[in-house]
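Here's the structure we're looking at; comments come further down.
Keep in mind that this is a model prediction, so the values were computed, not measured.
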Amino acid sequence: MSEEYDARRIENKWQQYWEEHGSFAASDDRSKKKYYVLIEFPYPSGEGLHVGHPRSYTALDVVARKRRMEGYNVLFPIGWDAFGLPAENFAIKTGRHPREVTQQNIRRFRSQLKRLGFSFDWSREIDTTDPAYYKWTQWIFLKLWKKGLAYKSEMPINWCTSCNVGLANEEVVGGVCERCGGEVVRKVKSQWMLKITDYAERLLQDLETVDFLDQITMQQTNWIGRSTGAEVDFPVYSSGGKKHCMKIFTTRPDTLFGVTYMVLSPEHPLVAELLPACENAGEVRKYVERAANKSDFERTEVVKEVSGVEFRGITALNPATHQEVPVWIADYVLISYGTGAIMAVPGHDERDWRFASRYGLPIVEVISGGDVTREAFVDIDRGTLVNSGPLDGLPPDKAIGRMVEIVEAGGYGRASVQYRLRDWVFSRQRYWGEPIPMVKCPSCGWVPLPESQLPLVLPEVERYKTTDTGESPLVLIDDWVAVDCPQCKGPARRETDTMPQWAGSSWYFLRYTDPHNDAELASQKNLKYWMPVDWYNGGMEHTTLHLLYSRFWHKFLYDIGVVPSAEPYKKRTSHGLILGENGEKMSKSRGNVVNPDEMVDKYGADAFRLYEMFMGAFDQPIPWNTRGLNGMNRFIHRIWDVAEKVSPTAEESRELTTLVHQSIKKVTGDIESMKFNTAIAQLMTLSHALNRRDEVRREDMELFLLLCNPFAPHVCEELWERLGHDTPCAGEAWPQWDEKKVRVDTVTVVIQVNGKLRSRFDAPRDMPKEELEKNAREDAKVEQYISGKTIRKVIVVPNKLVNIVAS
RNA sequence: GCCGAAGUGGUGGAAUUGGUAGACGCGCUGGACUCAAAAUCCAGUGGGGGCAACCUCGUGCGAGUUCGAUUCUCGCCUUCGGCACCA
């Protein structure tokens with residue numbers, strides 16, 4: 001079969017074969033054991049695929065192919081996360097409909113992916129912009145609304161003053177508009193919100209039930225940001241004698257005796273309530289206004305400069321000490337966390353200390369161990385309570401619990417848990433997204449569209465740009481906006497906001513289990529069989545938001561009986577970014593984008609896939625280096641050459657058999673732990689060993705091909721066929737190693753003298769310690785290092801080394 | 001500032017229940033094939049020294065534990081990632 005290796009011909013042939021035979025279509029036959037392999041579905045951008053995308057796809061394609069060979073019924077689907085800003089911005093610029101542009105991009109992505117030979121089940125392809133798909137995205141929204149988990153609220157958005165457009169957080173770079181460099185300010189808009197905070201505790205707790213990479217679990221935990229402490233009610237009096245209640249949250253109730261002032265956030269409702277009774281209302285009002293006009297950028301960027309204003313004529317009473325303390329307003333206290341108000345303990349909180357120092361407020365020490373005249377003493381693990389009545393003498397951790405008891409007994413507070421996690425801002429004032437299926441009726445308020453009217457299809461518009469008031473272009477289509485109220489049939493208006501890109505991606509993995517179902521988002525039968533996802537891999541950049549949002553939706557769907565498991569993903573891993581050849585992030589603007597098409601044209605898909613997996617540790621970021629593909633090309637040629645040496649007269653070599661079985665073991669384990677680079681290194685070592693022989697046994701070659709198949713499937717199928725098989729190697733069983741054959745007969749034992757390597761000898765495996773020591777002592781080279789010295793100690797590690805300590 | 005990960009040849013990276021540092025690639029050097037180039041094949045390749053067998057230094061820096069440390073402990077330095085006035 002002497003013939004040149006021709007990547008293009010072979011790859012076309014086998015891709016066509018797989019397509020014609022539906023080789024990788026998942027069967028819904030529930031009698032088989034299943035395995036669901038998931039990659040993050042791509043956003044089909046106008047730039048097309050770049051070499052970063054296939055890193056994750058190749059890795060899980062390797063896993064999927066291995067699982068099939070292990071006898072699993074594998075679901076490895078693909079689809080398009082196709083709503084999103086770039087298509088809309090492109091539409092604004094060119095006037096072309098985002099749908100048209102998106103479909104064109106999808107076609108391009110699809111053909112690019114097909115060339116790489118991934119074993120996707122293409123019959124289950126989904127597209128988030130397809131009304132048949134987003135019908136169910138809207139359906140989930142209605143369910144959320146009915147359970148009280150969707151609500152409208154005034155929220156500040158990023159507003160570009162020169163584009164007159166609302167921006168997503170990721171479009172604000174360094175405080176200015178990413179596209180035009182214009183000033184970005186906060187603008188308050190009424191927004192749909194989803195109450196993810198109701199699920200905070202479960203999203204945190206259930207991390208213990210899944211197998212996520214440690215780093216991912218940690219990031220989720222940090223993002224949820226659980227803190228325990230206490231809520232304490234401080235009575236507040238104005239000069240008129242009227243009593244108000246100021247509720248604060250603190251993680252350090254042990255410092256309650258050190259409170260010297262109180263602080264309200266400028267947005268706190270109590271501010272308006274107290275304003276008429278205070279002596280400097282004008283000053284306070286001015287401060288509140290100034291804080292409101294500050295952008296988030298200003299408010300957080302100028303970290304060191306604290307500011308605030310005292311509420312003169314207002315005092316708060318410390319319920320524990322019955323001491324009067326002043327009340328201030330300062331923008332270092334955030335309305336969005338805790339209760340929007342704090343008790344200030346400048347002796348033991350850095351921010352309070354800074355503020356107290358600036359405004360000359362008293363600083364009281366209630367935990368000894370530091371020097372509160374110089375800085376706040378915040379070390380919770382050291383120190384002793386002082387000046388704190390019943391807490392005196394206690395260490396802080398004990399005092400916290402004690403104080404909570406006192407506060408609860410006194411009836412002015414309670415133990416409390418707070419989360420950093422905020423509710424999810426769910427609406428966008430944009431065109432290219434799922435319409436939110438809600439109607440605003442002047443008499444009934446917000447009314448959901450009946451489920452029978454879904455999908456609510458995105459109407460055609462003439463222009464895609466947002467309006468000058470920052471509303472979505474949909475607001476201009478009068479005959480779409482005007483609608484009868486589903487409840488009272490009176491005139492009403494549709495919601496014109498659309499959903500964020502996160503919506504469609506929060507449940508797409510469910511749709512893959514039953515992608516063409518128009519009665520349910522997916523059948524119970526299929527969900528029960530396929531869910532949860534067994535292995536999900538994606539970018540580190542999605543480990544907080546996307547993962548959290550989709551886990552939230554999944555838990556909600558679980559609560560209403562739609563999905564069978566509380567968690568969507570059993571196992572989640574992440575890959576490192578592929579950088580440009582210059583080591584910078586790959587992007588069109590940097591001009592360092594590498595297109596996989598060119599690589600496949602030149603080297604073929606198999607070489608490309610091998611390089612993606614071989615180039616470095618899978619979880620680390622790594623710069624692309626096209627020259628590395630040469631090595632993969634050589635490797636494939638070597639596989640080809642070895643196949644030509646297969647001969648019925650070839651004899652078994654004990655040494656080679658050992659290497660083959662070692663390779664089976666190594667490759668099997670390395671794929672599971674995503675050490676694809678070392679798996680391929682092992683295969684290269686094996687290829688060299690095979691190639692050194694004049695003739696190769698057929699069974700050795702076959703085992704080698706089966707091991708290579710997940711990485712370089714085209715060439716393996718071709719050679720498999722040339723060896724005379726009429727069924728593909730993708731359908732063969734994954735090889736098993738024999739532990740007895742993995743072990744070598746002869747080992748090299750090294751001899752050290754005082755820890756330095758001096759000599760070595762070969763010995764049969766498991767030679768007794770005494771004999772190893774004897775061999776070492778009699779070694780000629782060792783002689784010169786120990787002659788004339790006293791041997792103090794000899795360390796023998798069987799099958800490894802002998803270390804002689806002499807002086 | 002807080003949390004986390006990592007620093008190994010010219011280069012990407014291997015090796016950790018402490019036991020031969022640099023597997024496997026890229027690049028480079030020499031050779032084969034070719035009219036020539038590309039591709040492919042063979043050999044060599046951490047630094048310094050030696051004709052050589054060999055010697056010596058070497059895993060960010062400095063200490064420590066150990067017969068033995070890339071691996072463990074302590075203290076620094078640097079890089080990357082996440083969070084960041086979260087009370």
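A donor N or O paired with an acceptor N or O is found under 3.5 Å between the base of B:G19 and the side-chain atoms of A:Gln752. A:Arg760 contributes a side-chain N or O that forms a donor-acceptor pair with the base of B:U20 under 3.5 Å. Counting distance only, with no hydrogens placed and no angle test, the side-chain atoms of A:Arg634 and the base atoms of B:C41 include no donor-acceptor pair under 3.5 Å.
Look at the P atom in both B:G64 and B:G68: the space between them is 12 Å, to the nearest Å. Rounded to the nearest Å, the gap between the C1' atom of B:C42 and that of B:U56 is 32 Å. For the P atom pair drawn from B:G75 and B:G22, the interatomic distance equals 32 Å after rounding to whole Å. Taking the C1' atoms as reference points, B:C61 lies 7 Å from B:C77, given to the whole Å. Using P as the reference atom, B:U66 and B:G9 are 29 Å apart when rounded to the nearest Å.
The side chain of A:Val333 lies closest to B:A87 when the candidates are B:G25, B:U20, B:A87. Closest contact between the side chain of A:Thr748 and the listed nucleotides B:U20, B:C24, B:C3 involves B:U20. Taking the side chain of A:Met218 as heavy atoms from C-beta on, and the options B:A87, B:C3, B:C24, the nearest nucleotide is B:C3. Residue A:Met684 has its side chain nearest to B:C24 when only B:C26, B:C24, B:C42 are considered. When distances are taken from the side chain of A:Ile795 to each of B:G82, B:G19, B:A87, the shortest belongs to B:G19. Among B:G4, B:U40, B:A21, the nucleotide with an atom closest to any side-chain atom of A:Asn633 is B:U40. Considering only side-chain atoms of A:Tyr332, the nucleotide from B:C85, B:G4, B:C24 that sits closest is B:C85. Listed nucleotides: B:C83, B:G27, B:C67. Nearest to the side chain of A:Val805: B:C67. You'll find that the side chain of A:Ser227 is closest to B:A87, out of B:G27, B:C85, B:A87. If you check B:C83, B:C24, B:U40 against the side chain of A:His637, the one that comes closest is B:U40.
One finds a side-chain N or O of A:Arg420 lying less than 4.0 angstrom from the OP1 or OP2 phosphate oxygen of B:A84.
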Q) For RNA chain B, what dot-bracket results from Watson-Crick or G-U pairs at under 3.5 Å, with [ ] for crossers and | for inter-strand partners? A) (((((((..(((......[....)))((((((.......))))))((((....))))..(((((..]....))))))))))))....
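For the pair A:Glu770 and A:Lys774, the salt-bridge criterion is not met [side-chain N within less than 4.0 Å of a carboxylate O]. Residues A:Arg634 and A:Asp641 are not paired through a salt bridge, judged by the lack of any N-O separation under 4.0 Å between the basic side chain and the carboxylate. Taking 4.0 Å as the cut-off between side-chain N and carboxylate O, A:Lys781 and A:Asp779 do not count as a salt-bridged pair.
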Q) Can you give one letter per nucleotide of nucleotides 9-18 of chain B, going 5' to 3': B for a protein heavy atom under 4.0 Å from the base, S for sugar-phosphate only, - for none? A) ---BSSS---
Q | Annotated protein contacts, base or backbone, on nucleotides 30-36 of chain B with a non-hydrogen cut-off under 4.0 Å, one of B, S, - each | A | -------
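Contact annotation for A:Asn691: backbone-only contact, meaning every heavy-atom pair under 4.0 Å involves sugar-phosphate atoms and none involves a base. A:Arg758 comes within 4.0 angstrom of sugar-phosphate atoms only, judged by non-hydrogen atoms across all strands, and of no base. Using a 4.0 Å heavy-atom distance criterion, A:Met343 is classed as making no nucleic acid contact. Across all strands shown, A:Tyr261 has no heavy atoms under 4.0 Å from either base or sugar-phosphate atoms. Note on A:His348: nothing from the nucleic acid sits closer than 4.0 angstrom, heavy atoms only. Here A:Asn630 lies in heavy-atom contact (under 4.0 Å) with sugar-phosphate atoms only.
Counting only N and O atoms by type, the side chains of A:Gln682 and A:Ser663 include a donor and acceptor under 3.5 Å apart.
Judged by closest nucleotide on RNA chain B, A:Val750 is the one of A:Arg252 and A:Val750 placed further toward the 5' end. Between A:Gly631 and A:Lys756, it is A:Gly631 whose nearest contact on RNA chain B lies nearer the 5' terminus.
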Q.
Between A:Asp352 and A:Tyr332, is the side-chain hydrogen bond (donor to acceptor under 3.5 Å, both in side chains) condition met? List the steps.
A. CA-CA 9 Å; A:Asp352 297 342; A:Tyr332 82 89; 2.7 Å; yes
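Between A:Trp328 and A:Phe355, the angle of the ring planes goes over 60°, which puts this pair in the perpendicular group of the 30/60° scheme.
Cation-pi geometry between A:Arg572 and A:Phe212 is not satisfied (NZ or CZ under 6.0 Å from the ring centre, within 45° of the ring normal).
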